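Below: the structure, in structure tokens.
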Amino acid sequence: MESNESQWPLWEVFTQEDGGAPHEHAGSVHAPDAEIALQNARDVYGRRGRVVSVWVVPSNEITASQSEWAGPFFDPGADKAYRHPQFYKIPRGLKGF
Amino acid sequence: MSDNLFQYVLRLGDDRLVLGHRLSEWCGHGPILEEDIALANIALDLIGQATLYLKLAGETEGKGRSEDDLAYFRDAIDYRNVQLVELAKGDYAFTIIRQFLFDVFSYHVLEQLQSSKHKELAGIAAKGFKEVRYHVRHSSEWVLRMGDGTEESHTRAQNALNELWRFTGEMFEADDIDRAMVREGIGADVEGIKPKWEAVVTDVINRATLSIPSDPPAMTGGRRGRHTESLGHMLSEMQIVARSHPGAQW
């Protein structure tokens, strides 16, 4: 490709499928602005399947945690049993749990 | 009547087949990956539409020709597309400006054909209309960005418009076939569509800071089989596999 892709900002793409599902991260596209980012997202991620809505957001607007924080940030607290209420009995007949 | 219908549906199919093939030539050569995918999607839409029209044309003709027979075993002189769609793809600005000029035309034609008295034609048009609404959005947004973009993109877009303008008149020429189809409530009224097309195109061109060329849109003949040399070159590439291996299945 004869491209100067580096000049176009990156956008993160979130797609929603029908049935009221949440918007989920699908991937990213390059685009010069929001309208073209939406069109590109539609072409790259929305054309197959059952997508009913797309969000695009400039990648540099996302604030991310850093990998070295992983310990203190995400320590699951495995010693505190009440955070993991797995001992409840799930009623029979309850599906999709 | 059925010969008029055959010719009419053939024109609809040929416009879309030829333009779809021209767009498909960008596959792997797009200016950027995302746009490469977008153009390939639009090419597939157009070729898909062409398949349905050519299938209907073959059935209307009643001589047992399939959509593949019509696409691969006719020479340029038997093609009925407007010359606008057959011109070599040029640079990206040329491709987008041409696409925009045709998309707006196609939008209005298919919008009318959805209520054609010919039920099958109406159904094919309704499916295509949904796709063309997106095509118009895609091409007009790019016209705006190229016209009102950098000095280079503006110059290229204006050059493309200058070169293409004289090919636009042919889309709105109505001959006996068109008039018969309109009379029977089957076809679209291209003469009536012209002012609508002009209004949309002028609006987008102005907003893109481009200017409508002053030379008259004089080129014509495609509907009667008179084509530019570009079509012959394109068909020789498009048809070579089918002609070298007739009846091959894959």
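These numbers were taken from a predicted model, which means no experiment stands behind them. Order of the sequence lines fixes the chain letters, A, B, ..., with proteins taken first and strands second; residue numbering starts at 1 for each chain.
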**OP:** Decide whether B:Y79 and B:E86 meet the rule of one side-chain donor and one side-chain acceptor closer than 3.5 Å.
**Re:** no

Subject >> Carboxylate-amine/guanidinium proximity below 4.0 Å for B:D15 and B:R11 >> reply: no

Original post:
Under the ring pair (Phe, Tyr, Trp, His ring centres under 6.0 Å) test, which residues partner A:H25, sequence neighbours left out?
Top reply: A:F14

Original post:
So which bits of residues 141-171 of chain B come within less than 4.5 Å of chain A, counting non-hydrogen atoms only?
Top reply: B:E141, B:W142, B:R145

Subject >> Any donor-acceptor N or O pair under 3.5 Å, side chains B:E35, B:H138 >> reply: yes

Original post:
Is it true that the side chains of B:S66 and B:D69 contain a donor and an acceptor less than 3.5 Å apart?
Top reply: yes

Original post:
Which of parallel (below 30°), tilted (30 to 60°) and perpendicular (above 60°) describes B:W26 and B:Y92?
Top reply: perpendicular

